[in-house]
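Bear in mind that the values here come from a model prediction, so they are computed numbers and not experimental data. The analysis underlying the following values was restricted to heavy atoms, covering all of them including side chains, and did not include hydrogens, waters or symmetry mates.
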Amino acid sequence: MGSDDVDADSSTSEQSPSTEKGTALLRSTLLSPGYLRLLLLCALIGIPVALACFLFLTAEHELQHWVWEKLPEELGYDRAPWWWALPTLLLAGLILAPIITRMRGHGGHVPVHGLGGAPIGPLDLPSVVLAALAALPLGVVLGPEAPLMAIGGGLALLAVRGMKQQAGQGGPVAAKAPMLLATAGSTAAISSIFGGPIVAAILVVESAGLGGAALVMLLLPCLIASATGALVFTGFGDWTGLSIGALHLPKVPPDMTPDAGDFLWGVPVAALIGVAVAYLRGLGYLVERWLGEQTAFRIVLCALGAGVMLTLYALLTDRSPEEAALSGQSALGALAADPHNWSVAALLLLFLCKGLAWSLCLGSLRGGPIFPAILLGGAIGIACSGLPGLGTTPGLALGMAAASAVVTGLPLSASVLTVLLLGSDAHNQMPLIVIAVVVALVAAQLVPQRHGLAAEGP
């Protein structure tokens, strides 16, 4: 037996006791009465969290529909006029300024920092819900994912206070029960907007940076809470017939297998998207720092500035400002269904105007950062699909993957989310999606960090 074989056997024998100890710890934890009660509690928490999120998303969707479609029609317009975003965003700033500066909880986390941060306490939830329902429908260029996670985590923490004895009787499970329940509640909430429990659980677990037994112990509560919540959410939606506007693509471009041209163009396009999105997010950090003094007044100015960018898009393209406003869920679906309805110039202006409005909102207003970034990446990807050898479907896929990877800092979550959005088209696009994620994340690191302009994880 050679020395290499001896070293390998020695290394294996040294690792075995540690592995066995971890396996025994995991087994004893998963079968402990405290952890089993915790799983049951997480399954039960998924039900009220799903109902609360359904009501929140339904209200947000209906208000958005009224502001951007019904009200313009009642005033005699076929669609929202070019100037529509100016008064709506000004109103959003006037509403958000006192919520952010005076109310407990300040309306939630600053979105430029991603989805992370400490869980929102139950007493902070009113400001989060009020900020989201009052501002997001008015055209704030942010998504509902961050308020949803705050609602889920806050409701779970509220359940912990009322059911402490059900979460475990002493030991490590009881000590970690509040954190696990808050994480499970956030996962159950965000699964409602990401179309299911898998991508939400992956996002939360990947952002937590855990592994081994700790990963399993966190993943199971997240999965069971989001799965039971998804059942309630889907059934309640079918029963009421109400729409929540979840992120999905009802129709995507025709499927095609990427060829050499798609990969040759895909690498530089993904790098371009990575750098561009990182710079836009970096501008959000600059906006956040600028709010240090005269915060309320400058919040209003930022909201109005976002309205100016949306108005500029409508004037330059002769299209509705609604396409550049809001979270981008509807615009992304329309873009995927009929990408040729946009000229290359319109797509580039969508990226520029919506991107700058997104930067202003990231550092000053409240909401989620992910959804607008996915639309921005998709717009650039389709705009570049006219390059020789780059197809429309590969362009859309790599654009969404690259942008979501940079804004979240989570490569696996970005890949899975893009695959789920593409549906049946995803199988052939998976290699390109993964390459786009890796290239975009690496390219984003070229943006100078010393100025606060680099992409960071949530």
Measure the shortest side-chain to side-chain distance between V437 and L441 over non-hydrogen atoms and say whether it is less than 4.5 angstrom. yes
Considering only heavy atoms from C-beta outward, does the side chain of M400 approach that of L332 to under 4.5 Å? yes
Side chains of L136 and L326: closer than 4.5 Å at any heavy-atom pair? no
Taking it one step at a time, do L352 and L312 satisfy side chain to side chain contact (heavy atoms under 4.5 Å, CB included)? CA-CA 10 Å; L352 178 62; L312 186 62; over 6 Å; no
Nearest-0.5 Å distance that lies between atom CG in D338 and atom NE2 in H340: 7.5 Å
Measure the OG-CD1 distance between S364 and I100 for me, rounded to the nearest 0.5 Å. 7.0 Å
W68 and T88 have their tightest heavy-atom pair at CZ2-OG1, 3.9 Å
Output, in order, the C-alpha distance, side-chain angles, deciding distance and verdict of side chain to side chain contact (heavy atoms under 4.5 Å, CB included) for N341 and R319. CA-CA 11 Å; N341 189 35; R319 301 178 69 95; 3.5 Å; yes
Test item: K354 side-chain N/O and L310 main-chain N/O as donor-acceptor pair under 3.5 Å: no
Any chance you could measure E69, atom CD, to E74, atom CD, to the nearest 0.5 Å? 12.0 Å
Under a 4.5 Å cut-off applied to non-hydrogen side-chain atoms, are P98 and M103 in contact? no
Face-on cation placement of R79 at W84 ring, 6.0 Å and 45° thresholds: no
Atom OG of S330 and atom CG of L335: how far apart are they, to the nearest 0.5 Å? 12.5 Å
Walk me through whether V439 and L398 qualify under side chain to side chain contact (heavy atoms under 4.5 Å, CB included). CA-CA 10 Å; V439 170; L398 72 88; over 6 Å; no
As an exercise, state the distance from CZ of F263 to CG of L390, rounded to the nearest 0.5 Å. 11.0 Å
If you draw a 6.0 Å radius around CH2 in W83, do more than 12 non-hydrogen atoms from other residues or ligands fall strictly inside? yes
Within the structure provided, determine whether T311 and L89 are in side-chain contact (heavy-atom separation under 4.5 Å). no
Is a side-chain donor or acceptor of E288 paired with a backbone partner of V112 at a separation under 3.5 angstrom? no
From the list L142, V287, V407, L280, side-chain contact (heavy atoms from CB on, under 4.5 Å) with L362 holds only for L142
Set out, in order, the CA-CA distance, both residues' side-chain angles and the distance that settles side chain to side chain contact (heavy atoms under 4.5 Å, CB included) for L51 and L55, then state yes or no. CA-CA 6 Å; L51 293 177; L55 294 175; 5.6 Å; no
Which of these passes side-chain contact (heavy atoms from CB on, under 4.5 Å) with V141: P369, P372, C353, S327? P372
For G292, does its backbone N or O pair with a side-chain atom of R298 as donor and acceptor, under 3.5 Å? no
Please name the pair of heavy atoms, one in G389 and one in W265, separated by the smallest distance, quoted to 0.1 Å. C-CD1, 4.3 Å
Test item: I380 and L348 side chains (from C-beta on) under 4.5 Å apart, heavy atoms: yes
Would you mind reporting whether L286 and R289 have side-chain heavy atoms less than 4.5 Å apart? yes
CG of L155 to CD1 of I151: how many Å apart, nearest 0.5 Å? 7.0 Å
Shortest non-hydrogen pair, T317 vs L349, comes out as CG2-CD1, 3.6 Å
Among all residues two or more places apart in sequence or in another chain, which pass the salt bridge (Lys or Arg N to Asp or Glu O under 4.0 Å) test with D78? none
Of L412, L410, V406, the one forming a side-chain contact (heavy atoms from CB on, under 4.5 Å) with T408 is L410
On a heavy-atom basis, which atom in L86 and which in L304 lie closest, and how many Å separate them? O-CD1, 4.1 Å
What one should report as the nearest heavy-atom pair of Q64 and P137 is N-CB, 3.6 Å
Taking every non-hydrogen atom, the tightest pair across L291 and C302: CD2-SG, 4.2 Å
Side-chain heavy atoms of W358 within contact of L376, under 4.5 Å: yes
